[in-house]
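Before any comments, here is the structure.
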Amino acid sequence: MSPLFWMMIAGAVVSCLIVLLLIGRRNERLVRRDWEMLLTPRGEKVYGAIEGKVRAEIGMADLSFEHALVYRELGTTEEAIRLLDVGYRVIEKFSPDMLRLLAAMATFSRMVSAIAPVKPLRPKNFRLVQVSSLAYLHGMLHQFVVSASERYRLKMYILGRSFGLATRFLLKSIQTLGMTASESEAKREWDQIEAIRSDFQTLTDESLDSLRVLLTAMAREDRQDLLREIAPR
Amino acid sequence: MSLVQQVVGWVSVVQSALLLGVLLWRRHYLRLPLFTMYVAGSNAFDVVYGLHPTWETWMLLQVVNAALRFGVALELTYRLFGAFPGAAVTARRVMLVILVFTAVTAIVTAPLDVTYTRMHAEAIPRMASANIWMLTVLAGLVLWYRLPLAPLPRAILMGLAPFLLLSTIGLSLLFGPEASRVRPWVGYLIPLASFFLTNYWLRVAWRTAPESALLPPPAPSPTAPVPQRAAP
């Protein structure tokens with residue numbers, strides 16, 4: 001036998017024992033529970049609950065912004081700014097929850113990489129220039145990262161940054177409007193609020209879509225076969 | 001063959017027959033047909049070798065066993081990654097690299113004056129080495145993607161790779177300069193390892209079969225709602 005063969009055997013001994021030790025120490029029940037969450041009606045229930053909560057919160061903020069726009073058109077600027085502030089408070093409360101959700105989704109990225117491709121964000125879907133630029137950046141980086149799990153994590157990161165950016169711009173606009181800005185300045189800020197409002201919707205849709213991919217991608221595959229594999233013993 | 005070797009050999013045969021029975025009785029063969037064939041094939045050859053304990057029979061047994069183990073590794077790949085296309089693509093690529101690398105090294109490192117018998121004999125540890133790498137890669141990918149493992153495939157993965165390591169090192173030593181000194185030890189070590197491995201598989205196959213093989217198909221569930229934009 002050649003030295004190369006013995007080197008291969010030595011490598012196999014080390015790597016095989018390490019990998020098998022890790023497999024042996026792995027809690028199969030925990031792994032199965034994670035997959036079960038993703039694949040069964042329970043997983044769909046989880047998605048439904050998260051979607052309901054997210055939609056309710058973003059809808060509440062959206063309603064405040066919509067009413068603020070109506071009041072502004074009627075000339076009641078003070079009331080409009082108060083409603084904007086209400087909307088901002090909802091967003092302020094909503095953003096950390098969303099960031100936590102995105103971070104949790106990123107930790108499951110390896111599972112996604114096993115089952116589904118990841119689509120990059122589309123810049124033209126965003127109205128805020130800065131968020132649109134982030135989407136462009138995402139599109140470029142998406143081509144550079146190789147594995148699907150890296151792509152998924154990148155998307156979660158960009159979504160998180162975009163939420164943060166949009167929230168900051170919203171606060172800035174509300175503050176500018178509160179400081180008795182000139183008519184042209186006020187118009188620009190109201191336009192920006194409209195753009196932020198639209199971008200929040202898009203970001204929420206993208207986040208929920210990513211969550212749905214995570215939770216339901218398996219449904220397209222050989223689900224019964226998989227369920228047989230992961231069924232609790 | 002010494003008396004102890006013969007006893008261990010026949011006990012292994014009985015145990016393998018039991019394992020085969022359990023695989024059939026518990027309907028594991030539906031999920032792992034190649035593994036069932038491997039158990040049946042190696043058992044049949046063990047019987048032949050027990051009745052005809054010659055070097056040629058032993059060599060033939062080892063070659064057929066090595067080929068069947070390849071089948072088991074491929075079956076495990078299909079079984080573990082079948083429902084995960086993304087991970088399956090990676091697994092297939094790595095398997096191809098291992099197979100090509102094994103073939104290339106076997107051709108490149110073979111001496112020009114090698115005899116047919118020698119080439120044949122050297123092929124067994126090489127196939128086993130490739131098999132070990134395949135199983136290690138499978139285990140690594142299972143860890144990387146956090147894929148679920150059913151008890152019997154897990155037991156095969158956990159048991160076959162260390163057994164192959166042991167038997168490959170043992171068999172390779174038979175072709176070294178110390179062959180005559182290590183031969184009796186290898187003769188004891190491999191059957192004993194095989195005995196413990198079969199025992200492990202037998203216990204797992206017996207305990208887990210009813211749930212894994214006879215599980216009713218799950219009821220169809222409603223599809224997840226498609227996210228819609230909230231009305232402005």
Side-chain angles (χ1 to χ4, degrees), chain A residues 1-2 4-6 8-9 11-13 15-17 19-20 22-24 26 28 31-32 34-35 40-41 43-44 47-48 51 55 58-59 62 66 110-117 148 197 201-202 204-205 208-209 212 215-216 218-219 221-233, chain B residues 31 79-88 90 101-102 105 108-109 122 125-126 129 132-133 135-137 139-140 142-151 153-154 157-158 161-162 164-165 168-169 172 175-176 208 211-213 215 217-218 221-232:
Chain A
M1 288 293 163
S2 65
L4 186 66
F5 171 79
W6 285 109
M8 275 180 73
I9 288 290
V13 169
S15 51
C16 175
L17 292 181
V19 164
L20 291 182
L22 291 174
I23 289 246
R26 199 170 75 141
E28 282 299 324
V31 174
R32 220 170 282 138
D34 285 348
W35 279 103
T40 58
E44 288 170 10
Y47 174 80
E51 195 207 10
R55 294 252 176 251
I58 201 79
D62 206 57
E66 195 189 349
R110 281 182 195 165
M111 288 185 174
V112 171
S113 70
I115 51 185
R197 189 184 155 201
Q201 289 287 353
T202 311
T204 307
D205 288 347
L208 287 173
D209 199 43
R212 192 164 61 91
L215 292 170
T216 62
M218 287 312 294
E221 302 304 332
D222 195 354
R223 203 176 198 192
Q224 288 193 4
D225 202 36
L226 178 78
L227 282 172
R228 277 170 194 268
E229 286 281 348
I230 64 167
R233 310 267 180 257
Chain B
R31 318 254 320 131
R79 191 52 58 204
L80 300 178
F81 297 92
F84 305 91
T90 314
F101 183 77
T102 307
T105 51
V108 169
T109 57
E122 284 201 10
R126 281 191 199 289
S129 158
I132 294 164
W133 276 107
L135 293 169
T136 306
V137 163
V142 162
L143 280 174
W144 177 255
Y145 288 115
R146 262 175 79 80
L147 300 185
L149 275 177
R154 184 174 185 269
L157 206 59
M158 293 284 293
L164 282 176
L165 269 178
T168 306
I169 294 170
S172 304
F175 299 105
T208 60
E211 290 88 0
S212 59
L215 193 77
S221 58
T223 53
V226 178
Q228 299 289 321
R229 261 176 179 248

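For the numbers below, each heavy atom of this structure counts, side chains included, while hydrogens, waters and symmetry mates do not. Labels below follow one simple rule: chain letters A, B, ... track the order of the sequence lines, proteins then strands, and each chain is numbered from 1.
- In this structure, the portion of B:F101 lying under 4.5 Å from any heavy atom of chain A is its side chain and not its backbone.
- Heavy atoms only, all atoms of each residue included: A:I23 and B:A139 are closest at CD1-O, 3.6 Å.
- Scanning both residues, A:A12 and B:W133, for their nearest heavy atoms gives N-CZ2, 3.3 Å.
- Rounding to the nearest 0.5 angstrom, the gap separating the CG atom in B:L149 from the CD atom in A:E28 is 4.5 Å.
- Remark: B:I169 pairs with A:I9, A:V13, B:L173 by the side-chain contact (heavy atoms from CB on, under 4.5 Å) rule, at least two apart or across chains.
- Neither the backbone nor the side chain of B:V137 comes within contact range of chain A; no heavy atom of the residue lies under 4.5 Å from a heavy atom of that chain.
- By number of non-hydrogen pairs under 4.5 angstrom with chain B, the leading residue of A:L17, A:L22, A:T204 is A:L22.
- Shortest non-hydrogen contact noted between A:L20 and B:L157 is CD2-O, 3.7 Å.
- Of all non-hydrogen atoms in B:T136 and A:V19, the two that sit nearest each other are O-CG1, 3.9 Å.
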